Amino acid sequence: GAGVSQSPSNKVTEKGKDVELRCDPISGHTALYWYRQRLGQGLEFLIYFQGNSAPDKSGLPSDRFSAERTGESVSTLTIQRTQQEDSAVYLCASSPDRVRLNYGYTFGSGTRLTVV
Amino acid sequence: GDSVTQMEGPVTLSEEAFLTINCTYTATGYPSLFWYVQYPGEGLQLLLKATKADDKGSNKGFEATYRKETTSFHLEKGSVQVSDSAVYFCALSSRETSGSRLTFGEGTQLTVNP
């Protein structure tokens, strides 16, 4: 597509429920990234995909968080047994290749997750 | 490891004032440098970038010069507008070590009053 698309744009869920967040990167972008942004704070790296594999998942905060990517395209971030501290905006970004080639990222508009 | 340090906010200016947001970095090798902007309720957008020393990135009246000797990439604008109110993030990509992701600063909130 023309840009990075994320869905849903807003999600309110009850504590303890599982949620799935979706990211559609720009067509042909091989690199895909997930970040978390808590209210009023900076960007927290979660995971990076190159193609369908995740060479760097060091930012996932706990084993309740997982992500996958299929067809070198869509990615899904899953949070199991959500907690209130999971409330944040989850941002997805894609890049034509690894950022050492200076392209930077194109970000989606994010999914605002609220756990009540 | 790589790191980016931005001046702390929030920054509040009157319309048409001069803006500087300081950014310094630590990285091995020769990183590429970026400024991203996040308008209220939106995702981050690339504002400008510079890929080698002494390069000047510019866009929408904003400028930043890659200064290797001072390891800095300060963002400037000569005359800010109310519509420039946003959060600004400095970031780097190191060719030598990072490879997998951008390293972001903490962000600086800018508010421009009419």
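Chain letters run A, B, ... following the sequence lines, proteins first, then strands; residues in each count from 1. Computed from a prediction, not measured in an experiment: that's the story for all the values here.
- In this structure, chain A has a heavy atom under 4.5 Å from the side chain of B/Gln38, while its backbone stays farther away.
- Side-chain atoms of A/Thr30 and A/Gln50 include a donor-acceptor pair closer than 3.5 Å.
- Counting only N and O atoms by type, the side chains of B/Gln6 and B/Thr108 include a donor and acceptor under 3.5 Å apart.
- Applying the ring pair (Phe, Tyr, Trp, His ring centres under 6.0 Å) rule to pairs touching residues 40-67 of chain B yields B/Phe62-B/Tyr88, sequence neighbours excluded.
- Contact of A/Gln37 with chain B is made through the side chain alone, with heavy-atom distances under 4.5 Å.
- Of the atoms belonging to A/Thr111, not a single heavy atom falls under 4.5 Å from chain B.
- Note: B/Leu92 CG to B/Leu102 CG = 7.5 Å, rounded to the nearest 0.5 Å.
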